[in-house]
Amino acid sequence: MAEERIDVKKTYKMYIGGDFPRSESGRTYKVFTSDDEFLANACQGSRKDFRDAVKIARGAFSGWSSRSAYNRGQILYRIAEMLEDRRDQFMRELGPIGFKTAEAEADINAAIDRCIYYAGWTDKYQQVFGSVNPVASSHFNFSMLEPTGVVAAFAPEKSPLLGLVSLIAPIIAGGNVCVILASEKYPLPAITFAEVLNDSDVPAGVVNILTGFREELAEHFSTHMDVNAMCYTDDLPKEMKKMIDENASLNVKRIVKRPVKDWYDEAVQSPYFVTDFQETKTTWHPVGF
Amino acid sequence: MKYPDFNQTIPIDEVGVEERVSRLNKRSIKKDSKIQALKMALSMIDHTTLEGSDSPGKVIQLCKKARQPHPAIPDLPTVAAVCVYPRMVSVAKKELKGSGIHVASVATAFPSGQAPLSQRLEDTKFAVEEGADEIDMVISRGAFLNGEFQLVFDEIAAVKEACGDAHLKVILETGELHTFENVRKASDIAMHAGADFIKTSTGKVSPAATQPVTLVMLEAIRDFYYDTGKMIGMKPAGGIRTAKQAIQYLVIVKETLGAAWLNKDYFRFGASSLTNDLLMQIVKQQTGHYQSLDYFSND
């Protein structure tokens with residue numbers, strides 16, 4: 001007679017610098033299904049976890065931003081391939097948090113397609129948005145886009161997979177690195193997505209995913225001097241928005257508010273979401289005779 | 001003065017050393033004491049540039065930073081010294097005039113030490129004549145590992161003589177000495193031969209300074225003090241990049257040698273990127289916000 005087997009459950013940890021550490025604070029919080037049943041413990045990321053993640057992201061920036069655009073496209077495409085491969089895992093993860101089978105399938109499909117979409121844009125947005133400018137002196141004058149740097153973002157609360165992917169893809173497509181706070185209520189798909197990233201040749205530190213509370217981390221996301229841009233797509237409480245705006249002025253952080261109601265909408269995939277995190281550099285190059 | 005027999009080996013308990021270091025690293029230094037520690041560490045830095053590409057311009061820039069580490073905080077201490085190659089000593093000397101900041105120079109065919117003794121002595125004399133207040137010499141590791149302890153001793157004594165009034169720091173290059181016992185022995189030889197400071201590394205060999213090696217050397221300094229009553233300084237160099245590491249070193253010094261060693265006359269950090277991390281942490285303590293290197297000067 002076979003003995004009853006004890007399940008081996010996955011420990012959901014954060015994703016920082018290509019590793020899966022617990023919070024340095026040792027704190028966790030309980031995650032529930034949409035029917036309020038206990039699902040798992042997630043890490044409650046702290047100020048110091050965020051600091052560590054930013055430091056690591058900064059270290060990854062020069063390598064990632066100097067990859068060829070074509071290579072970044074390959075890697076985004078690879079993410080799509082890996083997502084496709086782990087379909088079942090995401091089905092299991094989305095089910096308990098309120099996605100019906102057809103909805104979960106649609107969510108995963110859309111997430112995969114979104115990676116492909118931005119994979120295509122990596123070597124094209126420069127052509128579309130860069131320019132050669134007519135000037136009235138003997139200069140060759142041209143503008144090109146450069147990535148902003150370290151981007152901190154709140155992932156959408158209600159779209160734990162598609163929303164997350166739709167947020168990350170345009171940021172990294174343009175050569176930025178990011179630190180993302182996963183959906184507070186449903187953080188588990190974000191950690192599983194981190195496993196996908198880890199299997200997709202995305203260099204360590206390019207995407208870092210924390211789990212935890214917005215209320216606790218918003219101040220640190222917005223005050224950190226080494227964060228160059230901050231992005232959120234949900235409608236945040238008024239005081240939090242005000243605090244973020246004020247704190248961002250410390251180092252003139254770029255704040256990208258991108259209200260999204262429906263993540264399936266064609267309008268939420270756009271090359272303008274790549275250019276949201278780009279700086280324009282214009283060069284005056286003397287030309288003579 | 002009676003010298004110990006350098007052929008005798010003093011055994012070092014490697015596990016014990018590492019345990020002690022890891023216990024000392026658990027000390028929590030926060031708030032006011034942290035600011036104190038950060039400023040103290042800043043005042044102990046030998047702000048260093050030792051690159052083949054060093055130019056007068058770079059050294060001048062380094063000296064300006066030594067005098068005023070961060071203009072946004074005017075009341076910061078200056079660093080202890082600027083450490084350069086002999087050829088750059090006169091540039092640094094001129095730039096630091098009146099600041100009280102010492103000019104240190106590496107000498108004796110740094111970093112390998114593989115030149116005839118006569119040349120190494122010339123190198124030292126040149127640096128001193130150019131105005132160096134401190135000389136960082138390297139020992140002959142090859143001879144040391146061959147067991148030619150008397151030769152190593154004599155060379156250090158000869159360099160000490162060539163230094164005149166300049167302070168002598170003796171670099172053991174612990175990364176090439178293999179064992180703690182060798183580190184201990186090299187420390188003893190250097191101190192008996194006239195070193196004012198003993199220093200871990202050139203920064204050109206990995207591993208450079210580590211905390212366990214530093215502890216072994218600090219204990220050698222302690223025993224030398226008990227035997228002779230002379231206080232010798234300590235300088236870990238290379239690989240110390242963060243304020244957190246620096247504070248850990250200060251704790252190790254305090255707990256091994258006591259507060260008398262906690263000043264720039266007896267303890268130095270040989271580092272180039274540590275300065276900015278200390279500055280960033282000081283500003284972090286003042287403003288509450290994590291800082292970015294974008295807002296601190298490069299050198």
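The structure displayed is predicted, hence computed values, not measured ones. Chain letters run A, B, ... following the sequence lines, proteins first, then strands; residues in each count from 1.
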Neighbour count above 12 (heavy atom, 6.0 Å) for B:Asn298 CG: no
Residues, nucleotides or ligands: over 12 heavy atoms within 6.0 Å of B:Glu14 CD: no
Contact list for residues 56-85 of chain B, test salt bridge (charged side-chain N to carboxylate O under 4.0 Å, His left out), sequence neighbours left out: B:Asp54-B:Lys58, B:Lys64-B:Glu95
Give me a line-by-line list of donor-acceptor atom pairs from chain B to chain A that are under 3.5 Å apart, or tell me none exist.
from     : atom 1 : to       : atom 2 : distance (Å)
B:Tyr290 : O      : A:Met225 : N      : 2.9
B:Tyr290 : OH     : A:Arg47  : NH1    : 2.7
B:Ser292 : OG     : A:Asp226 : OD1    : 2.6

